[in-house]
Amino acid sequence: MIKYICSFFLLIFFISCNQINEEIPQSNLKIWFEQPTSKWNQGLPIGNGNLGAMIYGTPEKEIICLNEETIWTGGKDSYVDKKDAGKYIDTIQKLLFAGKYKVAEKLVDNKVLNKRLSGGKNTYQMLGNLFVETPNLDSVTNYKRELDLNQSVATTTFKNKGVTFKREYFSSFPDKAMVYKFTADAKGKINISTWIKRSEQTKIIISENRIEFSEHVGNGHGVTYHAIVDFKTKGGISKVEKEKITISNADEIIIKVVAVSNYRGLDPEKESNLVLNKIENTSYNELLDRHVSDYQALFNRVDFKISKKTGEDFPTDVRLKKVKKGISDNYLTQLQYQFGRYLLISSSRPGTLPANLQGIWAKGFTPPWNSDYHTNINVQMNYWMAEMANLSECHEPFLDFVNNLRKKGRVTARKTYNSRGFVAHHTSDVWHTTAAFGKSRYAMWPMGAAWACEHLFTHYEYTEDKEYLKNKAYPIMKEAALFFVDFMVTNPNTGFLVSGPSISPENNFLTPAGKKATLNMGPTMDRTIIFELFNNCIKAAEILNTDADFSAILKSKIEQMPPLEIGSDGRLLEWAEELKEAEPGHRHISHLYALHPSNQISKSQTPELFEAAKKTLEGRLSHGGGHTGWSRAWIINFYARLLQGDKAYENILALQRKSTLPNLLDVHPPFQIDGNFGVVSGITEMLLQSHNDEIHILPALPSEWQSGSIKGIVAKKGFEIDITWELGKLKTLVVTSKLGNTLKLRYNEDVKEIETKKGEVLTFDY
């Protein structure tokens with residue numbers, strides 16, 4: 001690796017790259033409490049992408065809510081396309097062009113959309129609850145429970161009658177198992193009773209050192225699984241009493257949890273035993289070392305510091321209460337940022353399913369919105385930060401998921417819209433549902449696959465993996481684009497090509513008669529998603545030197561699409577016409593898609609639209625917008641793109657004060673993980689943006705973060721960035737060129753272009 005040392009903007013270099021890398025040690029990052037919890041959504045989550053648990057931390061009766069990513073009811077037949085729906089699309093389009101919105105809506109509800117299943121019929125579910133009861137704990141003191149983000153280990157410690165007890169928990173990706181260790185600082189003092197509880201249909205087999213349980217979930221309509229909880233004791237006696245394992249007078253207990261379903265065609269009982277047998281004689285320390293090493297290979301790539309505090313001065317819930325009462329706490333923000341990265345590593349690893357609405361953590365059998373994949377922002381928000389926060393591998397499950405939508409999506413395109421290509425609507429699941437179901441307000445939205453395809457090209461922009469682009473991304477993107485080549489029609493009133501019937505997700509407008517309506521031809525979000533998809537296909541085809549004819553078709557379609565328009569009040573139009581909003585403070589701000597996550601609006605390229613976007617966001621907020629956790633997280637990203645660091649910071653505070661649980665999980669309400677992920681992308685974009693072929697350093701630094709550093713974040717074209725700033729100004733910058741591309745740097749209004757070589761490290765001082 002070559003070090004490249006230069007001056008920048010006439011400032012003189014005097015600190016070496018190695019010195020900068022060693023300047024800031026790893027931050028102390030722990031979420032901790034001085035009391036257990038009785039609430040599932042205030043527990044401590046652990047996970048390896050496949051197996052997870054929410055740990056309550058109760059000494060007397062510990063509850064460990066177990067999860068396995070594929071425990072789903074329903075099946076590939078749960079949602080199908082409505083018969084003959086395609087016969088009505090042309091009529092619906094004509095009604096909408098004529099302004100007969102309510103008539104069109106009734107026709108869509110009756111003839112195009114299937115009914116939504118009741119809760120629990122097609123849903124993610126918990127694997128089960130593991131209970132651990134400890135008798136005679138009548139004088140518990142020195143209690144502490146914590147989640148160490150640097151190690152990915154949860155720990156509960158407490159003292160009783162002079163004995164200190166410790167319980168450790170982690171979920172190992174390399175060994176496909178969760179491992180728990182119970183110890184005491186005196187021999188023979190561990191006494192527990194333990195059992196599993198799930199449903200009346202669960203088959204449970206208990207022996208002296210093992211609980212096995214299995215079930216065909218969903219009353220036979222869902223996956224079949226087999227799980228094992230294995231106990232290995234040092235000292236003491238283990239026996240079965242009253243359908244529980246009772247362990248008496250032990251020095252130490254090691255618990256291993258494995259679970260496998262038939263979702264991927266495996267034999268659950270056979271496979272779960274194979275997984276357990278592989279680690280049967282592996283020591284706890286070896287399992288822990290493998291887990292920590294694997295986890296830190298991802299987590300340690302990024303270090304973020306805006307506070308000198310260690311976090312040991314106040315428990316996390318106390319810190320958050322202080323913030324809710326009006327103070328600001330940069331350490332909490334620092335912790336929240338890394339917690340988001342921790343959660344993605346814990347719920348999305350190569351070979352697993354993508355993180356759902358609750359990651360992989362769910363309580364009971366009917367989690368909110370089935371813990372499904374909402375493609376009208378939520379699952380995409382889960383992955384906005386993946387590349388920039390140096391977790392590209394964790395992006396892979398979602399990219400694979402988009403590919404897997406194609407089979408059903410082709411059927412939906414043909415049956416519902418008489419079109420080629422593939423399409424998906426607002427909600428999907430592990431069965432890769434693409435059909436339209438529910439009510440027009442949220443369901444009549446054929447943009448899910450197209451939006452998801454943005455992630456395919458984003459992954460290429462960061463990695464420049466041409467084999468991936470050629471064999472995976474481009475074929476999927478092309479097929480999604482082909483749908484819109486067929487689906488878009490000419491608006492007889494304007495002559496522009498538009499899509500529809502469609503909606504601006506979950507929002508309503510008022511008709512001239514004052515009635516609420518939702519369907520529209522060519523809403524702004526449709527236009528901006530299609531525009532981005534077509535352009536990404538054209539770029540990909542040019543990179544691969546292929547498909548010139550198809551690119552020509554897309555270019556022709558783009559020329560016929562309407563421009564983004566500004567309304568009479570200076571705001572960006574949400575629908576094709578200037579329609580009055582029924583809910584001016586609606587949680588979705590879909591018409592700003594062109595600002596974020598796309599980059600069709602920017603200060604330098606489209607100044608008028610940039611100001612209109614700013615006014616649009618201000619208008620939403622003035623009417624109470626951002627009242628859900630994920631919506632507030634999106635607003636942070638919007639303000640980062642608007643280069644308004646203080647506004648972005650205000651919304652970080654609002655997220656903490658209004659939409660954050662004591663354990664820092666995001667709350668919609670209820671708990672949704674997208675806000676945890678969205679705040680990470682927002683903070684990263686406050687400190688680094690890489691759009692319009694340039695890398696913008698500290699584009700939206702808030703005045704509250706006077707000094708700090710972030711190391712290891714990633715820009716497009718394969719640049720890894722370390723930034724240190726003091727008194728609100730850039731101090732040091734280290735850029736590692738992983739791919740050898742031309743580096744175009746912007747800091748304030750200064751721009752510098754530098755040719756780089758692969759592996760070069762450029763170090764600048766200011």
Side-chain angles (χ1 to χ4, degrees), residues 81 85-94 96-97 112 375 402-403 405-425 434-436 444-457 460 469-470 472-503 520-564 576 593-594 598 600:
D81 303 287
K87 294 180 180 180
Y88 301 94
I89 295 299
D90 183 64
T91 300
I92 293 163
Q93 290 171 337
K94 289 175 180 176
L96 291 172
F97 284 135
V112 178
T375 59
V402 180
N403 181 42
L405 291 175
R406 285 202 284 175
K407 184 176 180 180
K408 283 191 173 183
R410 292 167 188 147
V411 177
T412 299
R414 184 177 69 253
K415 287 189 174 182
T416 303
Y417 299 105
N418 313 304
S419 298
R420 297 171 295 169
F422 86 106
V423 66
H425 291 84
T434 57
M444 193 66 260
W445 187 73
M447 307 305 299
W451 185 346
C453 281
E454 186 265 343
H455 285 255
L456 297 167
F457 195 68
Y460 172 77
L469 185 66
K470 177 183 178 180
K472 293 185 178 180
Y474 180 63
I476 302 169
M477 291 159 50
K478 179 182 177 181
E479 195 170 357
L482 183 61
F483 169 78
F484 293 102
V485 168
D486 289 357
F487 180 54
M488 287 198 297
V489 295
T490 301
N491 183 336
N493 304 314
T494 65
F496 288 121
L497 275 181
V498 295
S499 58
S502 190
I503 58 170
N520 193 244
M521 292 298 295
T524 297
M525 184 182 232
D526 276 30
R527 183 262 180 213
T528 52
I529 290 176
I530 296 168
F531 180 86
E532 180 172 53
L533 175 62
F534 282 8
N535 273 291
N536 286 345
C537 284
I538 293 166
K539 291 175 188 175
E542 289 175 351
I543 292 165
L544 298 172
N545 193 27
T546 189
D547 261 349
D549 290 344
F550 187 65
S551 290
I553 293 170
L554 298 184
K555 289 174 184 177
S556 174
K557 297 290 183 183
I558 289 172
E559 289 174 358
Q560 299 174 67
M561 290 168 63
L564 294 177
Y593 179 94
S598 188
Q600 298 167 45

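Nothing here was measured: the structure is a model prediction, and the numbers come from that model.
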[atom1]-[atom2] distance between [X] and [Y], expressed to the nearest 0.5 angstrom:
{"X": "L554", "Y": "F531", "atom1": "CG", "atom2": "CZ", "value": "12.0 Å"}
{"X": "N493", "Y": "F97", "atom1": "CG", "atom2": "CZ", "value": "7.5 Å"}
{"X": "H455", "Y": "I476", "atom1": "NE2", "atom2": "CD1", "value": "13.0 Å"}
{"X": "W445", "Y": "T375", "atom1": "CH2", "atom2": "OG1", "value": "5.0 Å"}
{"X": "L469", "Y": "L544", "atom1": "CG", "atom2": "CG", "value": "4.5 Å"}
{"X": "D547", "Y": "D549", "atom1": "CG", "atom2": "CG", "value": "8.0 Å"}

Next item on the list: Report, as yes or no, whether the 6.0 Å neighbourhood of atom NZ on K472 holds more than 12 heavy atoms from other residues, nucleotides or ligands.
Entry: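 Counting neighbours around NZ of K472, 12 or fewer heavy atoms of other residues, nucleotides or ligands fall under 6.0 Å, so no.
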
Checklist line | Whether Q93 side chain and M521 backbone form a donor-acceptor pair below 3.5 Å | finding: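 Here the side-chain-to-backbone pair does not exist.
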
Next item on the list: Report the relative orientation of the aromatic rings in Y417 and H425; use parallel for angles under 30°, tilted for 30 to 60°, perpendicular for over 60°.
Entry: parallel

What pair of heavy atoms forms the shortest contact from [X] to [Y], and how long is it?
{"X": "C453", "Y": "V402", "value": "SG-CG1, 4.3 Å"}
{"X": "F534", "Y": "A481", "value": "CE1-O, 3.6 Å"}
{"X": "N418", "Y": "G86", "value": "ND2-O, 2.8 Å"}
{"X": "F484", "Y": "A450", "value": "CE1-CB, 3.6 Å"}
{"X": "S551", "Y": "I538", "value": "OG-CA, 4.0 Å"}
{"X": "F487", "Y": "P501", "value": "CZ-N, 4.1 Å"}

If we only count heavy atoms from C-beta on, is the [X] to [Y] side-chain gap below 4.5 Å?
{"X": "R414", "Y": "D81", "result": "no"}
{"X": "T434", "Y": "V423", "result": "no"}
{"X": "D526", "Y": "S502", "result": "yes"}
{"X": "I530", "Y": "M488", "result": "yes"}
{"X": "F496", "Y": "R527", "result": "no"}
{"X": "F483", "Y": "T412", "result": "no"}

Notebook entry, point to check: Regarding K539 and the six-membered ring of F457, is the cationic atom NZ or CZ under 6.0 Å from the ring centre and inside 45° of its axis?
Noted result: no

Next item on the list: Indicate whether the side chain of S556 and that of Q560 have a donor and an acceptor atom separated by less than 3.5 Å.
Entry: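 Their side chains do contain a donor-acceptor pair, which is all the 3.5 Å distance test asks for.
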
Margin query: Checking E532 against Y593 for the side chain to side chain contact (heavy atoms under 4.5 Å, CB included) test, could you report, in this order, the C-alpha distance in whole Å, the side-chain angles of both residues, the deciding distance, and whether it holds?
Written below: CA-CA 10 Å; E532 180 172 53; Y593 179 94; 2.5 Å; yes

Item checked: Set of salt bridge (Lys or Arg N to Asp or Glu O under 4.0 Å) partners for K94, sequence neighbours left out -> D90

Next item on the list: Apply salt bridge (Lys or Arg N to Asp or Glu O under 4.0 Å) to K87 and list each qualifying residue two or more places apart in sequence or on a separate chain.
Entry: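 Once residues adjacent in sequence are excluded, the partners of K87 under the salt bridge (Lys or Arg N to Asp or Glu O under 4.0 Å) criterion are D84.
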
Item checked: Trace of the side chain to side chain contact (heavy atoms under 4.5 Å, CB included) decision for R420 with V485 -> CA-CA 8 Å; R420 297 171 295 169; V485 168; 4.2 Å; yes

Margin query: Go through it in stages, so that I can follow the logic: the residues are I543 and Y474, the test is side chain to side chain contact (heavy atoms under 4.5 Å, CB included), and I'd like the CA-CA distance, side-chain angles, deciding distance and then a yes or no.
Written below: CA-CA 10 Å; I543 292 165; Y474 180 63; over 6 Å; no

Next item on the list: Just do the side chain to side chain contact (heavy atoms under 4.5 Å, CB included) check on M477 and L533 with the steps written out, would you?
Entry: CA-CA 7 Å; M477 291 159 50; L533 175 62; 4.3 Å; yes

